[in-house]
Amino acid sequence: MPDEVVTRFAPSPTGFLHIGGARTALFNWLFARHAGGKMLLRIEDTDRERSTDAAIAAILDGLKWLGLDWDGEAIYQSRRADRHREVAEQLLAAGKAYYCYASPEELDEMRAKARAEGRPPRYDGRWRDRSPAEAPPGIKPVIRLKAPQTGETVLEDKVQGRVAWANENLDDLVLLRSDGTPTYMLAVVVDDRDMGITQIIRGDDHLTNAARQMQIYQALDWQVPAMAHIPLIHGTDGAKLSKRHGALGIDAYRAMGYLPAALRNYLVRLGWSHGDTEFFTTEAMIESFDLAHIGRSPARFDFSKLENMNGHYIRASREEDLVAALVETWPHLPDRDDLPKALDASMQKKLLAAMPGLKERAKTLAELRDGAAFLFAERPLALDAQAADILNSGGRDHVARLLPRLADLREWTSAATEAAVRAYAEETNLKLGQVAQPLRAALTGRATSPGIFDVLRVLGREESLGRLADQAH
RNA sequence: GCGCCCAUCGUCUAGCGGUCCAGGACGUUGCCCUUUCACGGCAAAAACAGGGGUUCGAGUCCCCUUGGGCGCGCCA
């Protein structure tokens with residue numbers, strides 16, 4: 001099937017998978033899945049100095065966590081150097097490339113001069129038509145592309161529209177370094193060609209590269225894949241994403257307790273829209289996704305919207321799934337010394353029982369875990385400042401008087417405890433809140449929690465009465 | 001410096017010449033619900049960067065200005 005859509009995600013493993021990369025991967029994945037095609041993964045590790053195995057692992061891990069699967073095995077660019085070299089030689093033989101013996105010092109001079117004269121800093125083509133016979137001794141040459149010097153290179157970008165560059169502003173780029181290794185420009189073109197990529201979707205920062213890569217395609221007489229350059233994601237201040245505001249590894253989002261589905265949903269709406277629709281199931285996302293509705297302006301990353309979406313996803317999740325997500329994410333979440341390091345079976349059971357009340361109140365898994373802290377707390381409970389205040393300003397009396405009534409209850413259900421507590425409130429002419437708060441403080445050590453009768457039920461008779469007794473005086 | 005890209009509420013965006021005194025979402029504010037906190041419901045404030053054109057008519061097309069961004073390596 002020659003018409004099959006093939007996209008690729010091609011990160012360079014010099015760092016973690018950041019949020020922009022994750023969105024690029026998502027768009028490639030959606031485009032491929034929408035078309036019933038493939039998304040391939042290529043690790044661009046030709047910079048052997050800066051590429052690390054740890055970064056590769058982090059990227060693969062991040063993609064998996066996000067739920068973005070790729071087709072086939074990941075391709076490592078570094079292992080294809082022979083093929084890249086072969087293409088460079090091919091270009092050389094065809095007279096479309098040439099040896100250049102300019103030294104780094106010469107190049108520096110050239111650029112400085114051009115800049116001083118208000119021209120773009122570029123190679124001046126001094127070896128373009130010179131015979132290698134004139135080569136200075138002892139210098140290993142690079143191979144440069146003999147790029148067109150007149151006319152223009154035009155890209156019909158699927159997102160940016162028609163973009164044109166005057167060829168005189170583009171210099172003869174290096175294809176093969178003097179040590180015989182291929183440059184990124186060459187490697188990308190050859191790999192995309194060999195992998196059968198039909199659609200390139202990547203960050204806007206590659207737009208200028210597109211022109212140079214098109215020149216390589218044209219020299220080779222290869223068909224240029226369709227291209228789509230998507231706008232970058234900026235920090236909240238509009239500037240480039242930095243560590244301070246959001247240029248975090250994808251693992252950091254997991255550690256903050258975001259759900260992969262929520263992050264995907266947030267990310268897809270950053271730069272892409274489908275009318276007024278904000279929430280998409282995975283299926284709907286694949287179904288609706290298109291390049292035509294990707295905007296052309298950069299978007300700012302907004303944590304509060306992500307958080308809101310995440311809360312929505314948590315509320316919509318099944319209780320069992322949340323327990324599973326929490327168990328899985330537990331080790332990644334920030335530490336809290338009053339919480340167990342891991343969740344054993346009985347804790348998971350309690351968690352499941354409490355989940356309906358808990359999930360309404362959490363925007364992240366971290367908050368969910370925090371909200372569940374009272375389940376795991378050991379007697380006598382540590383009270384936070386507000387809880388202590390509630391108990392110390394008369395609350396203990398209510399707890400003390402309520403204790404025997406609750407202890408006498410025949411059955412321990414939400415309905416039964418509620419009836420008892422309401423009866424007490426009525427008899428003493430108090431609002432329910434005035435008795436519920438002391439109970440909450442004694443039962444959870446905090447001033448906020450799920451509904452108090454749920455708390456009583458989930459904690460169970462023995463533990464509840466124990467905690468109340470602890471605070472009765 | 002040169003090249004390229006971008007420009008609607010604080011933020012993400014809808015809008016593809018008239019249906020826009022500009023719609024949705026997040027956030028903000030107020031009210032309601034209520035045992036706390038949330039959730040939920042209702043309501044409000046909040047934008048077409050500026051200036052020229054084109055046109056009967058411009059947020060929508062063109063130009064300029066301003067403001068942002070990206071790129072300019074024998075990095076990727």
Side-chain angles (χ1 to χ4, degrees), chain A residues 10-14 44-47 49-51 77 100 102 104 107-108 111 114-123 140-144 157 160-161 163-166 169-171 173-179 181 183-185 187-188 203-212 229 231-232 234 236 238-240 266 269-279 292-293 295-309 311 315 357-363 367 371 386 390 418 421-422 425 431-437 439-441 444 446-453:
Chain A
S12 66
T14 52
E44 306 208 320
D45 58 346
T46 50
D47 186 343
E49 297 293 306
R50 295 197 298 154
S51 299
Q77 197 159 54
C100 168
L107 261 19
D108 285 345
R111 278 189 272 268
R115 197 175 275 267
E117 292 170 5
R119 290 182 290 110
R122 58 185 267 263
Y123 174 67
K140 288 189 138 189
V142 299
I143 294 179
R144 284 183 186 272
D157 193 90
Q160 303 293 338
V163 187
W165 294 264
N169 288 325
L170 270 15
D171 63 358
L173 67 274
V174 173
L175 298 170
L176 211 63
R177 301 185 188 108
S178 52
D179 66 358
T181 59
T183 61
Y184 165 77
M185 291 295 173
V188 166
D204 222 354
D205 50 339
H206 285 286
L207 191 57
T208 319
N209 292 338
R212 323 194 91 208
H229 288 89
L232 269 18
H234 289 172
T236 40
K240 195 176 177 178
Y266 175 71
R269 285 284 294 105
L270 218 49
W272 175 80
S273 62
H274 187 68
D276 285 337
T277 310
E278 296 283 348
F279 290 95
H293 291 87
R296 269 169 295 177
S297 52
R300 301 188 190 201
F301 195 90
D302 180 13
F303 270 102
S304 63
K305 185 145 184 180
L306 204 213
E307 205 157 273
N308 173 277
M309 278 203 155
R315 270 174 265 127
L358 254 21
K359 73 176 188 178
E360 290 295 319
R361 295 166 170 76
K363 291 198 170 68
E367 287 182 13
Q386 284 177 290
I390 291 168
E418 178 165 359
V421 173
R422 280 192 187 279
K431 284 191 161 182
L432 188 52
Q434 292 173 280
V435 277
Q437 278 304 80
L439 281 179
R440 190 183 322 278
T444 68
R446 303 195 189 179
T448 66
S449 80
I452 198 64
F453 307 114

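Note on naming: letters A, B, ... go to the chains in the order of the sequence lines (proteins, then strands), and numbering restarts at 1 for each one.
- In the set B:C5, B:A76, B:U35, the nucleotide with an atom closest to the side chain of A:Glu44 is B:A76.
- At a threshold of 4.0 angstrom between heavy atoms, the contacts of A:Ala210 with the nucleic acid are absent.
- The pairing partner recorded for B:A43 is B:U29, the criterion being a Watson-Crick or G-U wobble arrangement whose two distances lie under 3.5 angstrom.
- Comparing B:A38 with B:U28, their P atoms sit 11 Å apart, to the nearest whole Å.
- Here A:Arg212 pairs with A:Asp171 in a salt bridge; the nearest charged N to carboxylate O distance falls below 4.0 Å.
- Not a single donor-acceptor pair under 3.5 Å links the side chain of A:Glu360 to the backbone N or O of A:Gly357.
- Within the structure, a side-chain polar atom (N or O) of A:Arg111 is placed less than 4.0 Å from OP1 or OP2 of B:C74.
- Between A:Lys363 and A:Glu367, none of the side-chain N atoms (NZ, or NE/NH1/NH2) sits under 4.0 Å from a carboxylate O, so this pair counts as no salt bridge.
- When distances run from any side-chain atom of A:Pro104 to the nucleotides B:C74, B:C6, B:C12, the shortest one goes to B:C74.
- Ring orientation note: the planes of A:Phe303 and A:Phe301 are nearly perpendicular, at an angle over 60° on the 30°/60° scale.
- In this structure, A:Thr444 contributes its side chain and A:Arg446 its backbone to a donor-acceptor pair below 3.5 Å.
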Shorter than 3.5 Å, N or O on both sides, protein versus nucleotides 27-29 of chain B: list them out with atom names.
none

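- No contact: A:Thr14 has no heavy atom under 4.0 Å from any strand.
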